[in-house]
Structure formats: C-alpha cells, structure tokens
Amino acid sequence: MFERFNAFDRGLLAQFRRLEQEMDEIFGDSLTWAGARNIRSLPTGTFPAVNVAATPDAVTVYLFAPGLDPKTLDTSIQQNLLSVSGQREVKLQKDATYYRQERFSGEFRRVISLPEDVDPDKVEAKYVDGIVQVTVGRQASAKPRQIEIQ
Amino acid sequence: MATQQELTKETRDTARVARRAERGELALRPPVDVFETADGLTLEADMPGVSKERLNLRVDGNTLLLEGKIEVPVGEQMEALYADVRSTLYRCRFALSNELDTEHIEANLKDGVLSVRIPKRAELRPRRIEVQSG
C-alpha cells in the first residue's frame, strides 16, 4: 500500500530494490539473473550500472556512466573477463548550499564475466549519451553451423 | 524447458511490464545534485541513455518535471544476459518555491547529464543597499 508514497522514497538504491523485487515477482525463475548471482557481481546501485546483451556474433556490455571523458576510461579484457575502470568527478561548487548530492563522484571499476566464447582480440568501444558501449566479438567456431544434407 | 503456456504467460508479463514502464509506473528516479547560490538554483541529474529528443522537461505552475526515455542502442537478435537497469524511463518532480523565475529556466544535456539552472526573480535576490552619506 505504501510503495508509491513519496515520503518513503529513499533514493536510487531503494528504487532499484523495489524495481528488482517487482521484476523478480513477475519473471520468477525464467530468466537467468533472477537466480544465482555471479560471484563477481556487485550490489545493486553500484556506479556505473551495467547491462549485458548478446547476439550469436557478439556480446555487448553497456555501462551507464554519464558525464565522463571517455579518454580517461581504462578498458581491458583478459580471456572472458572485461574490466572497465575510470573516474567520474563531480566538482562541488564553492559558495553554494547543497540540498542534495546523490550523484556518484570518484573512481570506479566494474568487472564483468562474459560468456566463455568471446574473442578478446575483437573489442570495440564507444560512448553515446552517457553510455559506454563495449562490444566483444565471439569466436566463430562457437556459432551453430548448419549441416548440409546431401 | 518452458511449456507453451509458460512462454505465453511470460510474453504477456513482459508486455505488461513494458506497458507499465511506458506509463511511468516503473520509472527510475535519477540521482540528482541540487545546490543554491545567491542568484539561483541548479539541478544536475544523471540520465544516461537519454538524448535531447527523448527528454521531457516541463514546468507546470510551481512543479518542475524531469522525464527522459532511456534508449540503449540494441541490435537485432539481441538477447539480454544481465541487467542492472531494467526500466525505460527516468522521472522526478520537484516543487519549486515562489522566488524562482521559472520563465527563465536554462537547461543543458551532455553525455547523459542534465543540468538545469533556475534563476531567482531579480527583485528577490539579495541586494546590497547603497548608503548615501550627507
């Protein structure tokens, strides 16, 4: 009954938790992330938030990191572990009274476990509207092959 | 292996969640910094995935509404493997006070950071009073 009442809104973490709860209720066990968490996973609300999607040819990792200079990002990949680290600094204004300071400021690092068949030599990254998009190609041999019947 | 019924239910649930997200019921409140100086108030919000076209910034009376549709560039045949962000909308609202001059709001969106500056009405800013001598 009180879920939508604004007075109980305690910021982004509470939002994520509520959303996650609702999502888990709806989807239950039918999607992978509702089950066991990856051992390298971080608590929800960590900056930057990450989404991962895949096609048979490539895996794309989206990092929600607005207000960055992409040149300061350090992206590296070791086998199937993608590591992205950097810094997002929010300069506090002098002579100003702050009422809210919710945006993350500081150094961050996220390590993402990708499917085993990714090819660490095929990595591309771009930064659009505050999202860092890292695309890693998958090894060709892992793709399902059609078998011709003579 | 999911049964046909389970898959249909999942499709319906996905559609239902998508509709709720569209209606803003599952909107995320973006992290916001708010600070005040002598001549105005500034608000900075993290809204990654929002471009100018998808931003809805409105003042209605004394309420400031910030809304942004999140779009993550996805390709065909993409399948989600993991998601921290599962909503398609950022939204937050603020009640503004009367000394703010809502006619002259300035906003800037760069790399997913929205910066909104609301000046104070000129006549209500703190003013030095010149004292004449003699």
Side-chain angles (χ1 to χ4, degrees), chain A residues 4 6 9 11-12 14-16 19-20 22-23 26-28 30-33 38 41 44-70 90 92-93 95-104 112 114-115 127-131 133, chain B residues 2 6-7 9-10 12-14 16-17 20-21 25-38 40-52 54 68 70-87 90 92-94 109-115:
Chain A
R4 303 269 178 257
N6 284 336
D9 184 359
L12 191 62
Q15 285 278 334
F16 272 118
L19 189 62
E20 190 174 21
E22 285 184 274
M23 287 292 186
I26 291 166
F27 292 107
S30 50
L31 295 176
T32 30
W33 64 74
N38 187 290
S41 67
T44 36
T46 309
F47 182 93
V50 165
N51 280 16
V52 183
T55 65
D57 299 321
V59 179
T60 305
V61 177
Y62 303 93
L63 294 112
F64 292 74
L68 275 184
D69 178 3
V90 174
L92 293 184
Q93 305 274 328
D95 300 328
T97 309
Y98 272 78
Y99 297 113
R100 272 177 203 260
Q101 217 277 299
E102 296 168 351
R103 294 168 63 216
F104 176 86
I112 300 121
L114 300 176
Y127 187 56
V128 177
D129 289 332
I131 298 183
Q133 203 178 320
Chain B
E6 283 168 356
L7 283 174
K9 180 174 185 305
E10 192 181 304
R12 277 208 308 275
D13 285 338
T14 312
R16 182 161 21 106
V17 170
R20 291 185 66 197
E25 286 179 34
L26 296 176
L28 287 177
R29 195 168 69 69
V32 160
D33 291 345
V34 179
F35 59 88
E36 178 171 0
T37 58
L41 207 82
T42 305
L43 186 153
E44 287 174 347
D46 275 351
M47 300 171 89
V50 178
S51 67
K52 247 173 41 177
R54 292 192 295 277
I70 307 169
E71 218 167 82
V72 174
V74 290
E76 288 179 21
Q77 290 194 299
M78 266 198 174
E79 188 198 319
L81 295 183
Y82 177 81
D84 278 340
V85 179
R86 303 177 200 179
S87 180
Y90 294 114
C92 63
R93 262 187 278 251
F94 289 96
L109 178 62
K110 180 175 186 280
D111 290 335
V113 179
L114 174 68
S115 182

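Naming: A, B, ... by sequence-line order, numbering from 1 per chain.
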Side chain proximity check, [X] to [Y], heavy atoms < 4.5 angstrom:
X: Pro66(A); Y: Asp111(B); result: no
X: Ile112(A); Y: Tyr82(B); result: no
X: Asp57(A); Y: Gln77(B); result: no

Consider side-chain contact (heavy atoms from CB on, under 4.5 Å). Of Leu41(B), Val32(B), Leu43(B), which one does Tyr99(A) pass it with?
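The side-chain contact (heavy atoms from CB on, under 4.5 Å) with Tyr99(A) is passed solely by Leu41(B) among Leu41(B), Val32(B), Leu43(B).
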Short question: side chain of Tyr62(A), backbone of Pro73(B) - any donor-acceptor pair under 3.5 Å?
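Yes.
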Return yes if some donor-acceptor pair links the side-chain N/O of Asp84(B) with the main-chain N/O of Ala49(A) below 3.5 Å, else return no.
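Pair absent, no side-chain N/O of Asp84(B) close to backbone of Ala49(A).
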Point-to-point distance, once rounded to the nearest 0.5 Å, from [atom1] of [X] to [atom2] of [Y]:
X: Leu28(B); Y: Phe64(A); atom1: CG; atom2: CZ; answer: 9.5 Å
X: Arg86(B); Y: Asn51(A); atom1: CZ; atom2: CG; answer: 8.5 Å
X: Asp95(A); Y: Thr37(B); atom1: CG; atom2: OG1; answer: 9.0 Å
X: Ile131(A); Y: Glu71(B); atom1: CD1; atom2: CD; answer: 9.5 Å

I'd like to check the side chain to side chain contact (heavy atoms under 4.5 Å, CB included) partners of Gln101(A); sequence neighbours left out, ordered by chain and number.
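Side chain to side chain contact (heavy atoms under 4.5 Å, CB included) list for Gln101(A), sorted by chain: Val90(A), Leu92(A), Tyr98(A), Asp33(B).
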Counterpart residues, side chain to side chain contact (heavy atoms under 4.5 Å, CB included), relative to Asp69(A) (two or more places apart):
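Listed in chain order: Lys71(A), Thr72(A).
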Tell me, out of Val50(B), Val72(B), Asp46(B), who's got the most heavy-atom pairs with chain A below 4.5 Å.
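Result: the option with the highest number of such pairs is Asp46(B).
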List the steps, then state whether side-chain contact (heavy atoms from CB on, under 4.5 Å) holds for Arg103(A) with Val113(B).
CA-CA 10 Å; Arg103(A) 294 168 63 216; Val113(B) 179; 3.6 Å; yes
Side chain, backbone, both or neither: which part of [X] has a non-hydrogen atom closer than 4.5 Å to chain B?
X: Thr60(A); result: side chain
X: Pro115(A); result: side chain
X: Leu63(A); result: neither

Proximity breakdown for Leu109(B) and chain A, heavy-atom pairs closer than 4.5 Å:
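The answer is neither part of Leu109(B).
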Heavy-atom proximity to chain A below 4.5 Å, by part of Arg54(B)
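Interface part for Arg54(B): side chain.
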Contact summary for Pro48(B) and Gly130(A), nearest pair of heavy atoms
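Closest pair (atom of Pro48(B), atom of Gly130(A), distance): CB-O, 3.5 Å.
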Is Arg29(B) salt-bridged to Glu102(A), going by a charged N under 4.0 Å from an acidic O?
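Glu102(A) and Arg29(B): salt-bridged.
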